[in-house]
Amino acid sequence: SQDTRYLESLYPGYGQSFTIDKVLFHHQTEHQDLIIFENQEMGRVMALDGVIQTTERDEFIYHEMLTHTPLFAHGNAKSVLIIGGGDGGILREVLKHPTVERVTMVEIDQQVIEMCKEYLPNHSQGAYEDARVQVVIGDGKDFVANSDGRFDVIISDSTDPIGPGEALFTSVFYEGCKRILNEGGVFVAQNGVCFMQLDEVTTTAKRLSPYFADRTFYCAAVPTYVGGVMTLAWASQDPSLKTVALDTLQARFKAAGLKTRYYTPEVHKGAFALPRYVLDAI
Ligand code: AG3
């Protein structure tokens with residue numbers, strides 16, 4: 001039953017497999033191979049170019065941690081930029097924040113947005129209908145180089161640095177993000193699974209350093225990003241943003257009155273504790 005299993009191809013000698021209970025969509029878009037299928041354990045699963053991007057069952061962990069951590073650290077984010085994020089999960093979480101007045105999402109692949117709206121409706125949950133949202137179909141690296149907009153939080157929800165995602169791990173991209181980030185702003189980005197992709201952590205730390213006075217990483221364990229915890233990059237000009245006190249986060253979280261399934265102010269604080277081998281790599 002080889003053809004009824006999906007084998008992730010991210011690492012040559014190690015990975016995960018899923019039974020494909022039903023293919024909902026499979027097509028080579030203008031940019032990448034997009035598949036959405038049904039799996040008995042994980043619900044609907046979306047992969048791009050052979051790499052699992054999101055599943056219905058565990059998406060809340062990643063989307064909440066990549067959104068609420070920078071937004072609650074900032075405390076009063078009014079304008080948010082999402083780079084990538086075509087499944088709509090980050091958008092849904094950003095819109096839960098009552099301080100947010102304007103969200104711009106720059107996604108290179110329109111078909112990812114359309115097919116995820118259709119086959120992963122629980123990700124976006126109607127977020128695209130919110131009047132605060134503007135969607136731009138285009139290249140994130142061009143957007144950050146040319147935009148007149150200014151943002152309090154920038155969230156890079158990209159694929160791995162292979163294919164269309166590669167440009168979002170370059171010095172040019174980080175320079176653009178610094179340029180359009182307001183004072184007191186935070187940039188965050190998915191940065192791979194540190195145990196499996198430690199080079200990526202080292203490279204990102206190095207490439208961020210000319211543009212951001214403060215760089216670090218924080219972690220979240222996402223079952224379908226296999227190989228250990230996922231490392232999320234954090235960059236800002238203000239080192240105190242990564243160490244906002246627990247009672248401050250608790251007060252902000254309570255005031256926002258939003259519901260989460262993973263994020264808590266306590267998880268937020270703990271996520272910045274990095275193991276020795278990661279500290280040594282950055
Ligand atoms: N973007 C991050 C996928 C990372 C997969 N990489 C990996 N397992 N090393 C997911 C998009 C979700 N909105």
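Numbering of ligands and ligand atoms starts at 1, following listing order. Because the structure is a prediction, the values reported are computed rather than measured.
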- Task: Look at ligand 1 and say whether His123 reaches it with a heavy atom at a distance under 4.0 Å.
- Result: no

- Report the relative orientation of the aromatic rings in Phe18 and Phe37; use parallel for angles under 30°, tilted for 30 to 60°, perpendicular for over 60°. perpendicular

- Write out the residue and atom name of the closest protein heavy atom to atom 9 (N) of ligand 1, then the distance separating them to 0.1 Å. Gln197 OE1, 3.0 Å

- Message: If the cut-off is 4.0 Å to any non-hydrogen atom of Ile52, which atoms of ligand 1 fall inside it?
- Response: 5 (C)

- Message: Using a 3.5 Å distance criterion without hydrogens, assess whether the side chain of His31 forms a donor-acceptor pair with backbone atoms of Ile108.
- Response: yes

- Heavy-atom nearest option to atom 6 (N) of ligand 1, drawn from Thr54, Thr159, Asp160, Val112: Asp160

- Item | Which residue and heavy atom of the protein sit nearest atom 13 (N) of ligand 1, plus the separation | Asp87 OD2, 2.5 Å

- Note on the structure: the protein heavy atom lying closest to atom 11 (C) of ligand 1 turns out to be Asp157 OD1, 3.1 Å

- Salt bridge present between Lys117 and Glu114 (N-O < 4.0 angstrom): no

- At a non-hydrogen distance cut-off of under 4.0 Å, which region of Gln190 contacts ligand 1 (side chain, backbone, both, or neither)? side chain

- Does Leu10 approach ligand 1 within less than 4.0 angstrom via side chain, backbone, both or neither, non-hydrogen atoms only? side chain

- Task: Examine Gln53 against ligand 1 and note whether any of their N/O atoms are separated by less than 3.5 Å.
- Result: yes

- Query: Do Glu59 and Asn122 get their side chains close enough for a donor-acceptor pair, meaning under 3.5 Å?
  - Reply: no

- Think Arg207 forms a cation-pi with Tyr174, using NZ or CZ under 6.0 Å from the six-ring centre and within 45 degrees of its axis? no

- For atom 1 (N) of ligand 1, closest protein heavy-atom neighbour: Ser158 O, 2.9 Å

- Query: When only distance counts, is His63 in polar contact with ligand 1, meaning an N/O pair under 3.5 Å?
  - Reply: yes

- Do the rings of Tyr277 and Phe195 sit parallel, tilted or perpendicular, given the 30° and 60° boundaries? perpendicular

- Message: Yes or no: does Met196 have any heavy atom under 4.0 Å from an atom of ligand 1?
- Response: no

